[in-house]
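In what follows, every heavy atom counts, from backbone to side chain, and hydrogens, waters and symmetry copies are set aside. Below, chain A is the first sequence line, B the second, and so on; all start at residue 1.
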Number of protein chains: 2
Amino acid sequence: MAIDVAADAVVFGYEVRRGLEVLLVQRRIEPFRGEWALPGGFVYEQESLEAAVERELREETGVQVNYMEQLYTFGEPGRDPRKRVISVAYVALVKQSGHRVLADSDAADARWFPVDALPALAFDHAQILTKARERLRAKLSYEPLGLELLGEKFPFSDLQNLYESVLGRSIDRRNFKKKFMALGILDELSEKSSGLGRPATLFSFNKKKYQALKEKGIVLEII
Amino acid sequence: MAIDVAADAVVFGYEVRRGLEVLLVQRRIEPFRGEWALPGGFVYEQESLEAAVERELREETGVQVNYMEQLYTFGEPGRDPRKRVISVAYVALVKQSGHRVLADSDAADARWFPVDALPALAFDHAQILTKARERLRAKLSYEPLGLELLGEKFPFSDLQNLYESVLGRSIDRRNFKKKFMALGILDELSEKSSGLGRPATLFSFNKKKYQALKEKGIVLEII
DNA sequence: GCAAAAGTGTTCCTTTTACACCCATGC
DNA sequence: GCATGGGTGTAAAAGGAACACTTTTGC
């Protein structure tokens with residue numbers, strides 16, 4: 001009846017040059033010492049599950065998340081070779097994965113990995129990650145996504161690239177823009193981005209409208 | 001770190017005359033002795049979460065479920081007045097709620113309650129139930145529902161009533177039938193139902209097509 | 001001037017919605 | 001014959017999908 005309870009997080013980050021990434025830590029203790037795993041750890045006696053995830057993320061990776069939601073609870077006997085451990089998994093979203101330096105690490109190492117070039121993972125963490133990617137994909141169709149992953153200002157193409165990364169396929173530019181703009185959650189800035197090719201208009205999320213829409217739910221079928 | 005882990009189930013049943021119902025048990029021990037609660041209990045050391053739910057359901061209510069999925073894990077410190085307990089909640093669907101006699105009860109009493117006439121519930125079970133109803137509602141839009149709740153043969157109006165019960169609003173008869181039939185998962189039987197008014201054609205689910213559709217996912221926006 | 005990415009509308013088609021009258025049976 | 005629930009189709013509107021050329025910049 002008394003079972004060890006862990007809380008683990010699948011932390012997604014996004015940067016245009018690198019695409020969708022996941023934050024992993026290298027274990028410095030057995031079991032699976034030296035292998036990569038999701039950040040997380042045991043829940044303290046008087047600590048909420050969310051607080052445990054946030055604490056572990058801080059200790060192991062130094063990141064602060066912009067959004068977090070519970071994903072699923074993995075509880076098969078045998079998923080930890082030592083003893084019975086159930087893990088409550090969370091999905092978290094972080095801005096600026098590329099820029100952030102992982103500070104004060106409690107784990108041997110912590111790094112961002114592109115979702116399509118992941119190392120082997122400890123425990124059943126590969127399974128957790130698969131479910132997290134499905135959740136993220138599903139979220140797109142009933143909630144807007146982007147505020148929690150993109151910077152303050154971004155060209156519209158960044159948003160589309162993010163959607164394409166999550167969905168794993170390409171999207172028609174005109175239709176996507178038409179639909180997304182119709183949500184009314186993007187403010188067009190007068191500023192332009194520099195870079196290769198024609199400069200792009202920058203956008204920012206209108207946080208109030210974004211949150212309102214998130215609570216109400218949307219139906220945004222993407223082509 | 002070692003925390004008590006419980007598994008609880010929100011069991012839904014449906015019968016035309018009674019509508020959508022939830023199975024509750026009356027607690028025979030403290031805390032909340034005498035109050036109504038979701039069936040469930042502590043998970044054994046070497047038992048999967050699903051097995052624990054099924055065992056508790058069998059012991060406390062005698063029902064056998066047709067479908068079960070994990071809902072959410074409730075883990076706030078203080079949700080159990082005695083000690084730290086986290087509860088992994090499941091949603092289960094059962095056929096023939098009305099006919100079934102609750103046998104061999106381990107709980108003081110077990111009864112079906114219409115979802116709109118629930119008693120006060122122990123612990124945070126009211127919150128769990130609210131989330132379960134939301135999940136059921138959401139499921140309608142991406143998966144068909146009915147096979148797990150209705151009998152082998154049923155008039156089409158039963159299916160519509162079920163959907164109306166879950167959604168909490170009325171649906172246009174012609175449009176609903178058109179959409180649902182287009183899924184191709186219902187077989188029309190030659191048999192007719194008796195009863196008041198014009199006899200109704202009976203239908204049954206085509207289980208193969210139903211399961212295929214369930215796995216693939218549907219988009220069934222109901223008016 | 002050319003390579004690179006940004007920006008922009010229209011047409012067709014499918015899906016959704018709204019809506020009302022007749023039918024078969026039991027009493 | 002009347003009350004009760006079952007059964008059926010169409011037209012108008014909205015939303016989704018497909019699709020290509022021009023513009024602005026850096027080099």
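Judged by atom type and distance alone, B/Asp172 does not reach the base of C/dA18 through any side-chain donor-acceptor pair under 3.5 Å. The base of D/dT23 is paired with the side chain of A/Arg198 by a donor and an acceptor separated by under 3.5 Å.
Ranked by how close their nearest DNA chain C nucleotide is to the 5' end, B/Gly195 and A/Ala200 are led by A/Ala200. Nearest-nucleotide positions on DNA chain D for A/Leu196 and B/Arg174 put B/Arg174 closer to the 5' end.
Ion pair A/Arg27/A/Glu35 not flagged as a salt bridge, since none of the NZ, NE, NH1 or NH2 atoms sits closer than 4.0 Å to an Asp/Glu carboxylate oxygen. Contact check on A/Arg133 versus A/Asp116 returns a salt bridge, with a Lys/Arg side-chain nitrogen under 4.0 Å from an Asp/Glu carboxylate oxygen. Using a cutoff of 4.0 Å between basic side-chain nitrogens and carboxylate oxygens, B/Glu164 and B/Arg173 are not scored as salt-bridged.
In this structure, CG of A/Asn175 is placed 13 Å from C1' of C/dC13, rounded to the nearest angstrom. The CD1-C1' distance, from B/Ile171 to C/dT17, rounds to 14 Å in whole Å. Between the CG atom of A/Leu189 and the C1' atom of C/dA6 there is a distance of 16 Å, given to the nearest Å. Per the geometry, CZ belonging to B/Phe176 stands 15 Å off C1' belonging to C/dT16, to the nearest Å. Whole-Å rounding puts the A/Lys179 NZ to D/dA14 P distance at 17 Å. Regarding B/Leu159, its CG atom lies at a distance of 13 Å from the P atom of D/dG6, rounded to whole Å. When rounded to the nearest whole Å, the span between CZ of A/Arg173 and C1' of C/dA6 equals 6 Å.
In this structure, the side chain of A/Thr73 does not engage the main chain of B/Thr73 through any donor-acceptor pair within 3.5 Å.
Phosphate contact (OP1/OP2 of D/dA17, side-chain N/O of A/Lys178, threshold under 4.0 Å): absent. Taking only side-chain nitrogens and oxygens, B/Lys192 never comes nearer than 4.0 Å to OP1 or OP2 of C/dA24. The side chain of B/Thr201 places an N or O atom within less than 4.0 Å of a non-bridging phosphate oxygen (OP1 or OP2) of D/dG7.
Counting any heavy atom pair closer than 4.0 Å across all strands shown, A/Ser194 reaches no nucleic acid atom. A/Lys177 comes within contact range of the sugar-phosphate backbone alone, with a heavy-atom separation under 4.0 Å but no base atom that close.
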Report task. Would you please test A/Glu148 and A/Tyr210 for side chain to side chain donor-acceptor pair (under 3.5 Å) and show each step? Result -> CA-CA 11 Å; A/Glu148 300 87 355; A/Tyr210 186 91; 2.8 Å; yes
